[in-house]
Amino acid sequence: SYLAAYYADRVTSLVYLDASYNFARLYVDTLWHHAFTDPRPPAPRTSGIAELRRWFGLVMGPKLPDHEIRNLASSGGPDSLSTMLQRGARANILHRVNVPVLAVWATPSNVDDQYPYARSLDSTARARLSASFADQETVRRAHLQEFREQVVGARVVTVVGARHFLFLTHARTVASEIRAFLASRHSRPAER
């Protein structure tokens, strides 16, 4: 977004993979932060990659690369992924983006799509997780609406039943959308 907003001559088109939120606002949104505090499976007993894979598979879904798992499991210090992303978030500049855009959004249908472990919870914990999921969906809808309003003409594709790592779990759909977008005459790069 920053490159397209301030160095448009260097950008011919943009593809967002569940990443077209207003991140500066998202990182300070109390509803968003509160939505991730509700019940989770017991924390991994060890920091071994097999145990971490199992836990993150339950919480975030399958197919996360090991390096992503290690980063997500880091202590939250200055080099953690979350810290770096939050440090790099800038005020919303989407209104300045004036190149062809494809935004692929993960759209979980229900709490079970979002959290594979939801069915294992008792009714009280499941109700709390469902309420958290509803809060997340409220925030997602608001950000998607803001994106649609600010990036005029963007092609927005929602992948129903997907979570954040939709490019891993729905690879064929995502690749097909990207190929179609890049092949369209509106996003064809200039010859260099």
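Reckoned from all heavy atoms, side chains included, excluding hydrogens, waters and symmetry mates.
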Q: Could you check if a side-chain atom of E146 sits within less than 4.5 angstrom of a side-chain atom of R25, using non-hydrogen atoms only?
A: yes
Q) For the residue pair G161 and H170, what are the closest heavy atoms and their distance? A) O-CE1, 3.9 Å
Q: Locate the shortest heavy-atom distance separating L52 from S47; write the atom from each residue and the value.
A: CD1-O, 3.4 Å
Q) Is there side-chain contact between E149 and H95, with heavy atoms separated by less than 4.5 Å? A) no
Q | Shared hydrophobic cluster for V160 and V174 (ILVMFWY, side-chain gaps under 4.5 Å) | A | no
Q.
Please report the interatomic distance CG(L129) to CZ(R119), rounded to the nearest 0.5 Å.
A. 12.0 Å
Q: Tell me whether L14 is reachable from L3 by hopping between hydrophobic residues (I, L, V, M, F, W, Y) whose side-chain heavy atoms are closer than 4.5 Å.
A: yes
Q: Quick one: do R128 and D122 satisfy salt bridge (Lys or Arg N to Asp or Glu O under 4.0 Å)? Show the steps, please.
A: CA-CA 10 Å; R128 285 188 6 239; D122 64 38; over 6 Å; no
Q. To the nearest 0.5 Å, how far apart are OG in S130 and OH in Y115?
A. 10.5 Å
**Q.** Inter-residue atom distance L166.CG - K63.NZ, 0.5 Å rounding
**A.** 12.0 Å
Q: Heavy atoms only: give me the nearest A4-A8 pair and the separation to one decimal.
A: O-CB, 3.5 Å
List, one per line, each side-chain donor-acceptor pair under 3.5 Å for residues 97-109, sequence neighbours excluded.
{"unit_1": "W105", "atom_1": "NE1", "unit_2": "S20", "atom_2": "OG", "d": "2.9"}
{"unit_1": "S109", "atom_1": "OG", "unit_2": "D113", "atom_2": "OD2", "d": "3.1"}

Q.
Looking at T46 and G48, would you say the former's side chain and the latter's main chain have a donor-acceptor pair under 3.5 Å?
A. yes
Q) Distance from L182 atom CG to T12 atom OG1, nearest 0.5 Å? A) 8.0 Å
Q) Does any non-hydrogen side-chain atom of L17 lie less than 4.5 Å from one of I178? A) yes
Q.
Tell me whether H143 contacts the main-chain N or O of Y21 through its side chain, where contact means a donor paired with an acceptor under 3.5 Å.
A. no
Q.
Could you report the tightest heavy-atom contact between P42 and R54, atom names first, then the distance?
A. O-NH2, 4.5 Å
**Q.** Spatial distance of atom CG (L64) from atom CD1 (I69) [nearest 0.5 Å]
**A.** 5.0 Å
Q) In the single-linkage hydrophobic clustering (I, L, V, M, F, W, Y; side-chain heavy atoms under 4.5 Å), do F181 and V152 co-cluster? A) no
Q) If you take all heavy atoms of G57 and P116, which pair is closest and at what distance? A) O-CG, 3.6 Å
Q. Residues in side chain to side chain donor-acceptor pair (under 3.5 Å) with D135, at least two apart?
A. none
(Q) Within the structure provided, determine whether F147 and N22 are in side-chain contact (heavy-atom separation under 4.5 Å). (A) no
Q: Could you check if a side-chain atom of D112 sits within less than 4.5 angstrom of a side-chain atom of R126, using non-hydrogen atoms only?
A: yes
Q) Would you call D18 and R140 a salt bridge, taking side-chain N to carboxylate O under 4.0 Å as the test? A) no
Q: Determine whether the side chains of S1 and Y16 contain a donor N or O and an acceptor N or O closer than 3.5 Å.
A: yes
Q. Any side-chain heavy atom of E68 sitting closer than 4.5 Å to one from F165?
A. yes
Q) When rounded to the nearest 0.5 angstrom, what distance separates CD in Q114 from OG in S132? A) 10.5 Å
